[in-house]
> 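Following this message is one structure expressed as structure tokens.
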Amino acid sequence: MRIVMIGSGYVGLVSGACFADFGHHVTCVDKDANKIARLQAGGIPIYEPGLDDLVARNVAAGNLAFTTELSEAVGAADVVFIAVGTPSRRGDGHADLSYVHDAAREIAGALSGFTVIVTKSTVPVGTGDEVERIVRECNPAAEFAVASNPEFLREGAAIEDFKRPDRVVIGIEDARARAPMEEVYRPLSLNKAPIVFTSRRTSELIKYAANAFLAMKITYINEMADLCEQVGADVQEVASGIGLDNRIGAKFLNAGPGYGGSCFPKDTLALMKTAQDHDAPLRLIEATVAVNEQRKRAMGRKVIAAMNGQVRGRTVAVLGLTFKPNTDDMRDAPSIAIIQTLQDAGAKVRAYDPEGMDAAKAVLSDVEYASSAYAAAEGAAATVIVTEWDAFRALDLARLKAAMAEPVLVDLRNIYPPARAEEAGLRYVGIGRPGQPADEAEAANERHAA
Ligand SMILES: NC(=O)c1ccc[n+]([C@@H]2O[C@H](COP(=O)([O-])OP(=O)(O)OC[C@H]3O[C@@H](n4cnc5c(N)ncnc54)[C@H](O)[C@@H]3O)[C@@H](O)[C@H]2O)c1
């Protein structure tokens with residue numbers, strides 16, 4: 001199959017490279033000339049484990065190419081995927097579909113022969129109808145069908161997720177789209193990955209329903225962690241106790257600083273807005289969005305409490321900036337709100353992240369960047385683990401303590417057993433674990449407020 005991927009970001013680049021690896025001929029297009037120049041020169045504009053090898057191998061095999069010029073590639077394509085961004089629209093939280101609509105107009109002018117246009121971007125219900133209308137309006141003679149094929153890959157494990165998905169969802173209205181889409185995913189169906197064909201609107205909603213459910217599950221365990229702190233229970237044990245129930249499942253039950261990233265925050269918001277517009281408000285998702293939003297700054301206040309309110313002019317070491325490990329993606333990372341809360345209280349922030357510091361520099365100001373976790377902790381009054389990179393899982397805690405001015409470790413990912421940290425002489429504060437200095441922290445907060 002000849003495939004064109006419009007948008008060569010986290011999703012377009014990974015999907016394009018994986019389709020090329022299946023043996024298809026793939027052209028990845030992007031408007032960003034720097035990104036394309038870098039790809040053409042053999043570079044990778046994002047950090048995603050294994051992507052450099054996959055891209056290099058398929059470029060060398062002649063299956064994968066990059067361009068800023070959409071027309072020639074689209075003219076020759078059997079299937080054109082739209083994988084452009086759908087960020088939150090400024091002001092109202094609906095998905096901003098301007099990139100999708102622009103891409104549809106550009107594709108329309110370049111179509112030649114029957115082509116399947118597929119939205120891989122996460123788009124609200126009805127977007128496929130609108131893409132179809134735009135293409136028909138721009139090019140009434142075009143022979144095409146519009147399908148929906150949402151992407152479920154996770155950054156950091158994107159290639160594995162793409163090649164071994166739990167399921168592939170394909171929404172079609174025009175039966176002519178079915179055979180080409182089956183052909184595109186044939187290697188996965190040979191591997192017995194479930195391929196679910198459904199209507200286009202259902203497919204569009206499946207993506208949002210899945211992300212909103214996962215966001216709700218995380219938020220649920222996060223609230224449970226707050227309760228654990230108040231009643232002296234351990235959220236890790238609560239999570240495994242409930243996760244062993246197959247109806248609940250053990251995944252996505254790690255309490256932490258709140259969800260962030262390029263998908264959950266904008267997708268929960270967009271779904272909430274769609275539901276309100278259709279007079280079918282999703283109260284659970286509205287609560288999820290509100291709870292998660294306030295949690296991030298609450299995590300900053302948790303650090304301040306662990307420091308007994310003594311923050312002004314003192315250095316806080318922040319380990320991990322990206323919204324999760326194994327990515328350089330800083331979009332809506334909880335670290336942003338946590339760091340701002342600490343800075344608002346007068347703290348100096350020194351941070352270290354294995355891959356995210358370049359991206360962080362674009363969104364954070366007044367942060368000093370260190371070359372390692374230990375360098376970040378030098379002279380700090382507290383060290384906060386915000387993202388659970390492997391590099392932070394086996395720190396020499398005695399060395400960390402020796403570097404710090406005050407031995408306070410706030411572990412917002414619960415990666416250390418409290419006893420181990422305490423053995424190293426650190427005062428340990430985790431999430432939803434016994435031994436939380438809840439009363440002490442409250443008293444400190446009051447002192448701080450006074
Ligand atoms: N990042 C994820 O983990 C993930 C997972 C599943 C789904 N999604 C969805 O996939 C979509 C893309 O997300 P992403 O993270 O890859 O975004 P991204 O911002 O990394 O990439 C989008 C790319 O599209 C390019 N672009 C925009 N308009 C264009 C046009 N008209 N022609 C050519 N290129 C154009 C941009 O320059 C950018 O490089 C979003 O809808 C997102 O919600 C993302």
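Indexing begins at 1, ligand by ligand and atom by atom, following the structure's order.
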> Please enumerate all residues that pass side chain to side chain contact (heavy atoms under 4.5 Å, CB included) together with Glu69, with sequence neighbours excluded.
Thr67
> Are the aromatic rings of Tyr259 and Phe323 close, with centres under 6.0 Å apart?
no
> Kindly list each side-chain donor-acceptor pair under 3.5 angstrom involving residues 32-45, sequence neighbours excluded, with atom names and distances?
unit_1 : atom_1 : unit_2 : atom_2 : d
Asp32  : OD1    : Asn34  : N      : 3.1
Asp32  : OD1    : Lys35  : N      : 3.1
Arg38  : NH2    : Ile44  : O      : 3.3
Gln40  : NE2    : Phe66  : O      : 2.8

> Can you name the salt bridge (charged side-chain N to carboxylate O under 4.0 Å, His left out) partners of Glu160, sequence neighbours left out?
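Result, salt bridge (charged side-chain N to carboxylate O under 4.0 Å, His left out) vs Glu160: Arg164.
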> In order of chain and number, which residues sit within 4.0 Å of ligand 1 by heavy atom?
Ile6, Gly7, Gly9, Tyr10, Val11, Asp30, Lys31, Asp32, Lys35, Ala83, Val84, Gly85, Thr86, Tyr99, Glu106, Ser121, Thr122, Glu151, Leu153, Glu155, Lys207, Ser262, Cys263, Lys266, Arg331
> Using atom types as modelled and distance alone, determine if a side-chain donor or acceptor of Asp78 lies under 3.5 Å from a backbone N or O of Arg2.
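Answer holds: yes.
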> So that I know where these two stand, are Tyr208 and Phe213 an aromatic pair - ring centroids less than 6.0 Å apart?
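Ring centroids of Tyr208 and Phe213 are no less than 6.0 Å from each other.
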